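Computed from a predicted structure; not experimentally measured. Naming: A, B, ... by sequence-line order, numbering from 1 per chain. Every heavy atom of this structure was used, including side-chain atoms; hydrogens, water molecules and symmetry mates were not.
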Number of protein chains: 2
Amino acid sequence: MSPPIDDEPGAPTLAEVAKLAGVSLKTASRAVNGERYVSSATMDKVLHAAAMLGFRPNRLARELRQGSRSSLIGMVVGDLSNPFYARVAGALEKEVGSRGFHLITASTGEDPEAEQRLVEELLERRVAALVLVSTSRSHRYLAAADLRGTPIVFLDRPPVGLLADTVLLDNRAGARMAVEHLISHGHRQIGLIGDLAHISTHQERLRGYVDALTASGIDGWEAYVREDAHDIRTAKNITAAMLAQGRPPTAIFTANSRITIGALNAMNRLHRAPALIGFDDFELSEVLEVSVVAHDMERMGAEGAALVLARLAGGAEETRRVTIPCRIVARGSGEREPRWR
Amino acid sequence: MSPPIDDEPGAPTLAEVAKLAGVSLKTASRAVNGERYVSSATMDKVLHAAAMLGFRPNRLARELRQGSRSSLIGMVVGDLSNPFYARVAGALEKEVGSRGFHLITASTGEDPEAEQRLVEELLERRVAALVLVSTSRSHRYLAAADLRGTPIVFLDRPPVGLLADTVLLDNRAGARMAVEHLISHGHRQIGLIGDLAHISTHQERLRGYVDALTASGIDGWEAYVREDAHDIRTAKNITAAMLAQGRPPTAIFTANSRITIGALNAMNRLHRAPALIGFDDFELSEVLEVSVVAHDMERMGAEGAALVLARLAGGAEETRRVTIPCRIVARGSGEREPRWR
DNA sequence: GTGAAAGCGCTAACAC
DNA sequence: GTGTTAGCGCTTTCAC
């Protein structure tokens, strides 16, 4: 298994540095950490020895001794390669990184069991804080960690059975605005294509959709709701199927950007396309003239970071909930009139 | 600083579990780790005590003691919120995650100094391996870590001054194909919009561009090369400026997907657009009928993971270099004829 | 200014 | 099967 000969020396320890410098362990420690009360001569000797040996302090040992939590912040998301979460993670990392924290990420594939296992591992690693875009139905399993002082922040989806800091989009209002916008342009058969049914953002957006329709006295919408379009391909197929059905919708509300992209693929080359509004802005929405419910994705990461850092810094404040507003951006696709009445 | 009263109990240790279970520390350790040679009665007692206390083993301590490297794999990229790297990271995480490793990520913002600092921190954490999409001009600073047995894998950009496993796209060939494709459609004034000049992928793609033009005896291309279009907005502006210049190109080769998107924004609403081929495929390329140089992004992560795992598993093989091929996908934009001769 | 000893939480080595 | 002892690499006493 391991190389038979030529065994590697192993990382140099502080003890070796101290020995080479001819000082005690503690003095070496002081010098390496730039503490005061070290004569500059000693300092030089030690630093020189450390450089010679290529000394690199072992953080595991340091953090263990200090009993302190590590400078790692654990983040658990459904899928890191989803650009939405990647951007949120990027923004969060940027904020906490400037305070000396690192982000350690784990993807669950939207599997609650995987989530629990990954969270457990992060906790075993004594992460300084936990950031979750959770897929679990209940978060009571986090109560112990919470009590023991590990800050927990929920992003995008709220905690269930647990009080914790949370950053959410205004999903329901955003969806409602989108559908009202379509209604105001004369639509009454409005399709909804949504993400996995158990995800809270989907449920909220569905609620907003129903809100708008109910407020306008429109019923029969049940025939126009589709769920579980979790990837672009599925969204494309579902959209195509909906447009091919007996009495197709005259407008479609796609409940996230992947679904919007899937729907655009499905509507490609259609001579007369239904109206379309998508939740989430995306990079080519302008070029494609797609109306959307826009919001500030980076802000979710930044607000999450702020909550984490506040907890880490401080007292036992109340849990906070930040809501990020949404707004309609009209670009053409959402303003198309119904094709038939 | 710390809460004045009501001090938290601190995480329970194995010693406390052992005490509660009425066994020795080592027995508790064995039970918790599911080792053999523990009577099932003892096992039960210990596990019960651990559950009572909400015991969670401390990985820092375990890994320190075992002297083994942690089960963390460090990955350093320019920007995690860049979908390309997010997808690569996602694919890599998926592969190593199934073997019990976690990914710890850090973004450098394409700053070589930041990169070196972040790498140093990961090494201090004794990561099991290092995966780099590096922005540094030299990687000699990694030689020590390399010698000491930390596997290092380079993704997307090759190491300089260091021999290490590497996964690269066939940038030069891909770019050359793209430009040849444009030439075969009659273009002779072909613009190149590229990323930051110091990034190796940019340089390779530029080389491929020059290869194709030189092979066809086309010169004067220097007037059609633009660099440092690192984000969508910059790419848009640069493209717009190029199209507005005295003798604009009849075709454009955009050297990565962000640049392609920026260029599409710039070309929006143009009655007669120049031909366009972009490096990297993107989600809406079909809808927008954009011809691209496509490749398998997930594969880069997967191959990287394979290299990491092979190193971790094994002997002292030769360093390996994996090249991921590119292919032209014609969708219309790259087949437009020149507007004037 | 400097150093010796103890110990963070755990596991390896060796008893019994 | 179980327990004892030592020690991973570092920092924290507390002494000098």
Side-chain angles (χ1 to χ4, degrees), chain A residues 2 8-47 49-50 53-71 121 123-127 148, chain B residues 2 8-47 49-50 53-71 121 123-128 148-149:
Chain A
S2 53
E8 60 234 14
T13 72
L14 192 55
E16 296 172 42
V17 173
K19 193 172 158 196
L20 181 61
V23 298
S24 81
L25 185 58
K26 178 58 203 171
T27 301
S29 168
R30 276 194 267 256
V32 163
N33 288 306
E35 285 175 39
R36 282 174 319 175
Y37 306 123
V38 187
S39 75
S40 59
T42 316
M43 194 78 165
D44 284 353
K45 266 193 310 189
V46 175
L47 261 30
L53 262 33
F55 171 72
R56 196 168 353 244
N58 185 327
R59 287 221 184 207
L60 272 61
R62 175 182 299 180
E63 288 176 352
L64 174 61
R65 176 61 248 229
Q66 288 181 159
S68 72
R69 312 198 102 88
S70 82
S71 56
E121 289 200 33
L123 256 15
E124 287 182 6
R125 207 154 251 130
R126 301 301 188 261
V127 290
R148 217 168 277 122
Chain B
S2 52
E8 61 232 16
T13 71
L14 193 55
E16 295 171 43
V17 173
K19 193 173 157 195
L20 181 60
V23 299
S24 80
L25 185 58
K26 179 60 201 174
T27 301
S29 168
R30 277 194 267 254
V32 163
N33 289 304
E35 286 175 36
R36 283 173 318 174
Y37 307 123
V38 187
S39 75
S40 58
T42 316
M43 195 78 166
D44 284 353
K45 267 194 307 189
V46 175
L47 261 29
L53 261 33
F55 171 72
R56 204 179 332 258
N58 185 327
R59 287 223 184 207
L60 273 62
R62 174 182 300 180
E63 287 176 352
L64 174 61
R65 176 62 249 235
Q66 289 182 158
S68 71
R69 312 198 105 88
S70 81
S71 56
E121 288 199 34
L123 256 15
E124 287 181 6
R125 209 155 248 128
R126 301 301 189 261
V127 289
R148 217 168 279 121

How close do B/R59 and B/S71 get, counting heavy atoms only, and between which atoms?
NH1-OG, 3.7 Å
Between side-chain atoms of residues 17-25 of chain A and protein atoms elsewhere (two or more places apart, or another chain), which donor-acceptor pairs fall under 3.5 Å?
from	atom 1	to	atom 2	distance (Å)
A/S24	OG	A/K26	N	3.4
A/S24	OG	A/T27	N	3.2
A/S24	OG	A/T27	OG1	3.2

In whole Å, what is the span from the CG atom of B/N58 to the C1' atom of C/dG7?
14 Å
Partners of A/E16 by salt bridge (Lys or Arg N to Asp or Glu O under 4.0 Å), sequence neighbours excluded?
none
Would you indicate which nucleotide in D/dC10, D/dG9, C/dG1 comes nearest to any side-chain atom of A/S39?
C/dG1
Does C/dG3 have its OP1 or OP2 closer than 4.0 Å to a side-chain nitrogen or oxygen of A/S24?
yes
Heavy atoms of B/S70 and B/R125 approach each other most closely as OG-O, 4.1 Å
B/R59 atom CZ is separated from C/dC10 atom C1', nearest whole Å, by 13 Å
Salt bridge (Lys or Arg N to Asp or Glu O under 4.0 Å) with B/E35: which residues, sequence neighbours excluded?
none
Donor-acceptor side-chain pairing of B/R62 and B/S29 below 3.5 angstrom
no
Under-4.0 Å side-chain N/O to phosphate OP1/OP2 contact, B/T27 with D/dG1:
no
Tightest non-hydrogen contact, residues B/F55 and B/V32, listed as CE2-CG1, 3.9 Å
Quick one: which of D/dC10, D/dT4, C/dC10 gets closest to the side chain of A/F55?
D/dC10
Which residues satisfy the salt bridge (Lys or Arg N to Asp or Glu O under 4.0 Å) test with A/R30, sequence neighbours excluded?
none
Atom NZ of A/K19 and atom P of C/dA4 are separated, to the nearest Å, by 15 Å
Five pairs per end, C1' atoms only: what is the angle between the end axes of the helix from C/dG1-D/dC16 to C/dC16-D/dG1, to 10 degrees?
30°
N or O in side chain of B/T42 less than 4.0 angstrom from D/dT2 OP1/OP2
yes
How close or far is atom P of D/dG9 from atom CG of A/L60, stated in whole angstroms?
11 Å
Counting primed atoms plus P, OP1 and OP2 as sugar-phosphate and everything else as base, spell out the protein contacts along nucleotides 11-16 of chain D at 4.0 Å heavy-atom distance: B, S or - for each nucleotide, 5' to 3'.
BB----
Can you tell me the distance, in whole Å, between the OH atom of A/Y37 and the C1' atom of C/dG3?
17 Å
Length of the line joining A/R125:CZ and C/dC8:C1', which is rounded to integer Å:
18 Å
In whole angstroms, how far is the C1' atom of D/dG9 from the CD atom of A/E63?
13 Å
Could you report the tightest heavy-atom contact between A/R126 and B/A11, atom names first, then the distance?
NH2-CB, 3.8 Å
